K.L.:
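Dropping a structure here in structure tokens format, bear with me for questions.
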Amino acid sequence: MIVCLGLIALSSLAQESTALFVRADRILVQPGEETTGAVLIENGIIVAVGPGVAAPEGAREISGAVVCAGYLDAWSSLGVEPASVRDGKTSPATSVLDGLDLFSNDHLRLDSLESGVTALRIQSGVEAEVGGLSAVVRNDPGQDGPGAVLMEDACVAATIGVTRNGKTVDVFDRVDEVDDIADLVEAGLAYRESWLDYEEKLAEWEKEIAEKEEELEKDFKKAKKKRDEDIEEAEEKGKEHKEKKYKEDKKPKRPRTDTDKETMARVGSGEIPLVVEVHRYPEIRELLDRTESFDRLRLILAGATEAKPFADELAMRRIPVIVWPTPMGVTRPDEFRMHDLELAATLDDAGVQVLFGSGGHGAARDLPALAALAVGHGLDRTAAFEALTLGPARSFDVAQRIGSVERGKDADLLVLDGDPLDVATRARFVILRGEVVVER
Amino acid sequence: MITTLLVSSLALSGAAVAPQPSFAVRAAAVHLADGTTLEDGVLWVENGTIRAVGRGVEPPAGTPFIEHDGALSAGIVAAHTHMGGGDGLQDSTRAFLPEARVLHAFEPKHSDFERALAAGITTAVLAPRETNVAGGRIAVVKTSGGTVLERDGHLHLSLHTTALWGWREPTSWPGALAHLERRLEEREGPFAEIASGERSVIIEAWDRHEVSRALEFATSHGLRGALRGGHRAGELARRVRSSGLSMIVGPFAPGEDREHLRSVVALAEAGVPLAFGLDAPASDPEALRLSAALCVREGLEPQTAWRALTSTAAQVAGVADRVGSLERGLDADFVLWSGPPLELTSRVEAVYIGGELVFGGAR
Amino acid sequence: MRNVLSTVCVLALASSATAQDDAGPWVIRADRVYTAAGEVFEGGFVAVANGKIVGVGPGGGGAGDELEAVCVTPGMVDLGARVVTHPDAVEQSTEVAASMRVAHALDLFDPRWKRELESGVTTVLATPPDSNVIGGLCIAVKTGGLTDVASRTVRADVALRGSFGTQPSQGNQSSSGTPQTFYVRRPTTRMGVEWTIRKAFYDALAGAQDPERDFEGADVLRRVLDGELVLGAQAWSTQDIRTAIYVKEEFGIERMFVDAAAEAWKEPDLLVRSGMAVVLPPLSFDGRVGPENAFFSWHSARELDELGVPFALSGHGAADPAARLAYQGGLAMRGGLSLEAALAAVTLAPARMIGIDDRVGSLEVGKDADLLLWSGTPFQPTSRIIGVMLDGRLVVDRREASE
């Protein structure tokens, strides 16, 4: 699938090589860094940013008040087929990309694109204990355009103690769920260990065999003479000659292949992060304790309703948190009982990397409004902008391609008529890989 | 940030919380009900009411001044809530309780009101639930101090499908309307009052056909007041306008169906007076400003959105002579914000009701 | 090349879709104009202005935008369209809801209206769902137009709805078998339904004598007895049709029709004797229809026609195109009915039954300009309705698609 998309990308690049020149009063290069002038895009890539950039001949010129990177919704299931979203039987190796539905919810994807969400971390099995492999995808209309998938295996998603199918998980089971996840990581690491062990032993074994064979080769004549003597002696004694059997070293047994454990091994070794939706104090406590020994694990919390007391610890352990800054009334699910719009501010103040997600509930369109609301509840503006752009791009290893307006990155940009966090701001242009996909 | 300058030598150091008979606030931006903004405006409060608002307002020398480098606005009016009411705002055995008063379910110290204050809401309409055809009369209260602005307000009716239960009479729209029309012929009582226009109504009507039905009912009997709901009433906007009824909309959540938001824009464009309702505690008080913001993103004029949170909401609730705008003689209910009040990025820094600091304050 | 999304474009499309129809004046020319009032004009015309028919006849014409069709007929009238199906349209607290108005239960945004209009039905009698013995006052409304009931009304309070048979008695028990709350007063048998309807009329008569015994809706029932109001009663099977006829004769009800009367063909003598009018349910392919599993055939319409019984066809709001009213005429013709009689059975006959034939039902000067443009002879399987005009507005236009 990836190969195929790559081919499309190449062929379409050949066709559309027109440059795009975007002039703006403010260019939000990256959180905390601003410039003015223009952004030049060629072949879908940002090639120049700043005051001195001039428009090459033949380039399409557009302009606006503000240019910034498109937003990345760190917690969504938009574009995933509904049954896969609710699937409760997913496992670590279940890939969300197998559950894409390219034909439903188009209007929701378009709406969110118009509001500036150009990329999404999508997951299936949002209520399952283990939802499986998430992907970071470009919010491409139809998701069939070049390079729709930015990161195939962006993380493994899991949940602890969330309300599933309207049912609240009981107190003891919630803590068990922490154990389940920690056990999965352990099993993954053990699995990898067993493979490494196997490979090591196999190599050893192969080496020994080779040595032995060499030795045998060398001693062949001597051995034959000895054998002849043995046969003679046996005949003399009237006995049957018994061939001395060659005792081969036992070959190491190959472990069974297990894609789930393999996936968890990737998580445990820090190749890909583990996103855990967890809300209540005891479960967060338990999760932090149980994962402390996994020194390479890259844990990311989602929701984290009652995480305020852990802010310093999360900052110290560099665990990012995906916050869902939405207002909730009394009818909220049990795990959100202590929901507080000031969570993002508290975490950021302590130095935790805050990311924003629309909660996997199709509200990606209103992510910028939710980010603004978090600012209204104490979050620093720059941190809020970072939580929409570079923060999630870094956490999900796509920062080399998206998340800021820098030379060499993919041109997934917004041309806004005002500040990203202002209520009346609208995206006049949305650009994906250098192509204007929304214009109004 | 708020700094209290004790200009007056009379001001006592320990009197920060006690209401001052006269004080003034100078804010970097004063947001008025009509959507205009005064730079470096002054609000002069005397005995809990607004004495003057303007750029050149000069209270007598010695009046304590509060300097605020952010925005100042009237307190927000939540046009429809069930705050502090718990489950006590519906009757499962009788559909008609026109004599009931929600005031009797009002608990001033309920935590719902604290949350409302934190969101800049200073006045709340307390309404019965939409599950009774005639649920009772609304009350209008302040969110702090137990002040009641209206004890015996609009009669709350519901033509929403949830008012029609399977085991309680009526079970149908024809049944509900037959009953209502019969009651409208009464010579006295709440129905006589709404028929004569003495008393306003709030009619719950959400889907298009419910709105259409409510409009036909209200206009044929000359009722005045507001419709509550109108999620998909956009295409009926002109009819709503010509009925003279207002519309109480919201609350809207992130990811709200765009048709609901477009409906609000269409109603506003047709000139229907709009107010934002909250249905708290089922929704968070912050959902009120978020609802307005989502509508603005959909194309609602920011001024209209702001009025729907304040002055128009007060008019719809029938208390515009007391709250909803910064005008001389009105209650000194106002909010100090870190920035423009309609911006979600703006924080509530202080809330005053009747000239008294009830939330936040100098930090 | 990728589409560039433009909100402006989307908005433009949305607004153009709503403000499309043109109010005329029109001149519609056709190879044959079927007036349904006894005349067929070869090479005829219909002239329309201000929503009314201002001229109809052979040749000639008038001023206005021209429309052409192979055939033109009046818009169809369906007395059994069942456009009200919402559970909240049923008042369960009483079995006799005579004064309640089905107009209050209309949902003009229900897709059924559009479906009816597009299939050529321009006027329907809105009846309540038959969960009450006396379901209330019916309203005759147009299937298109603005979204307020008043502007669509042909005539309000045009008939009282009754229902015989088992349907009103169903649902009057809880799952445990014991009726609860007000359901305890309601009939649970066919005889109970019949008893309830007769008791209602006797009580209304008694109420006229003794104000103490008068009740809500009694005046409506008395208007039926006085011949001022039509009684339209559902009666699928023989026993229910017989019961309806006995009630008609017992109370001397002048204006009455039985709706969904599939088995009317079984009682020719009683029908003729009582002067009962009949609305047939949609003809089915296996002959068994409705909640009573009543039986009838495609010949039934012809048989009623031969008896001289006033009858109409109905589509019952079917979603299936093969059951809609435009096809019912064709099915009845397969059973031997003439084209003229089939046309009358979906236009003028039903209009007469509820007394709205001064407004709709035929192409005559002064009537509402509700008409259908056909690509061929009406009711032929190969013919299509290529245009629907409602109150002088061309609300369905498929002329280009059919070319």
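All heavy atoms count here, side chains included; hydrogens, waters and symmetry mates do not. Order of the sequence lines sets the chain letters (A, B, ...), proteins ahead of strands, with each chain counted from 1. Every value quoted in this text rests on a predicted model; they were computed, and no experiment measured them.
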K.L.:
With sequence neighbours excluded, tell me which residues meet ring pair (Phe, Tyr, Trp, His ring centres under 6.0 Å) with Phe336(A).
P.N.:
His279(A), Trp324(A)
K.L.:
Ignoring hydrogens and angles, tell me if any N or O in the side chain of Arg365(A) forms a donor-acceptor pair with the backbone of Glu256(B) under 3.5 Å.
P.N.:
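Side chain of Arg365(A) to backbone of Glu256(B), a donor-acceptor pair under 3.5 Å: yes, one is there.
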K.L.:
For residues Asp366(A) and Gly255(B), report the shortest heavy-atom separation together with the two atoms involved.
P.N.:
OD2-N, 2.6 Å
K.L.:
How about CZ on Arg428(A), more than 12 heavy atoms from neighbouring residues, nucleotides or ligands closer than 6.0 Å, or not?
P.N.:
no
K.L.:
Find the one option among Asp284(B), Thr345(B), Asp279(B) whose heavy-atom pairs under 4.5 Å with chain A are most numerous.
P.N.:
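Of the options given, most contacts go to Thr345(B).
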K.L.:
For a 4.5 angstrom cut-off between non-hydrogen side-chain atoms, does Ser283(B) reach Met328(A)?
P.N.:
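SC-SC contact between Ser283(B) and Met328(A) ruled out.
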K.L.:
For the CG atom of Asp111(A) and the CZ atom of Arg297(B), what is their distance to the nearest 0.5 Å?
P.N.:
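Reported value, rounded in 0.5 Å steps: 11.0 Å.
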K.L.:
How would you list, by chain and number, every residue that makes a ring pair (Phe, Tyr, Trp, His ring centres under 6.0 Å) with His377(A), sequence neighbours excluded?
P.N.:
none
K.L.:
Supply the atom-to-atom distance Leu290(B) CG to Leu370(A) CG, rounded to the nearest 0.5 angstrom.
P.N.:
6.5 Å
K.L.:
Between Ala374(A), Ala384(A), Ser115(A), Ala369(A), which has the largest tally of heavy atom pairs under 4.5 Å with chain B?
P.N.:
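The answer is Ala369(A).
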K.L.:
Measuring heavy-atom distances to chain A, does Ala282(B) have an atom under 4.5 Å in its side chain, in its backbone, in both, or in neither?
P.N.:
both
K.L.:
Can Glu114(A) and Arg258(B) be said to form a salt bridge (Lys or Arg N to Asp or Glu O under 4.0 Å), step by step?
P.N.:
CA-CA 13 Å; Glu114(A) 285 182 5; Arg258(B) 276 184 87 177; 3.8 Å; yes
K.L.:
Need one label for Leu261(B): side chain, backbone, both or neither, based on atoms under 4.5 Å from any heavy atom in chain A.
P.N.:
side chain
K.L.:
So which part of Leu367(A) gets closer than 4.5 Å to some heavy atom of chain B, the side chain, the backbone, both or neither?
P.N.:
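Neither the backbone nor the side chain of Leu367(A) comes within 4.5 Å of chain B.
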K.L.:
Sub-3.5 Å donor-acceptor pair from the side chain of Glu286(B) to the main-chain atoms of Pro327(A), do we have one?
P.N.:
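No.
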K.L.:
Tell me, side chain or backbone of Leu373(A) under 4.5 Å from chain B's heavy atoms, or both, or neither?
P.N.:
both
K.L.:
Which residue out of Leu379(A), Val330(A), Thr331(A), Leu341(A) racks up the most heavy-atom pairs below 4.5 Å with chain B?
P.N.:
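Option with the greatest count: Val330(A).
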K.L.:
Please determine, among Ala118(B), Ala253(B), Pro251(B), Pro281(B), the option with the most heavy-atom pairs under 4.5 Å with chain A.
P.N.:
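Highest number of pairs under 4.5 Å: Pro281(B).
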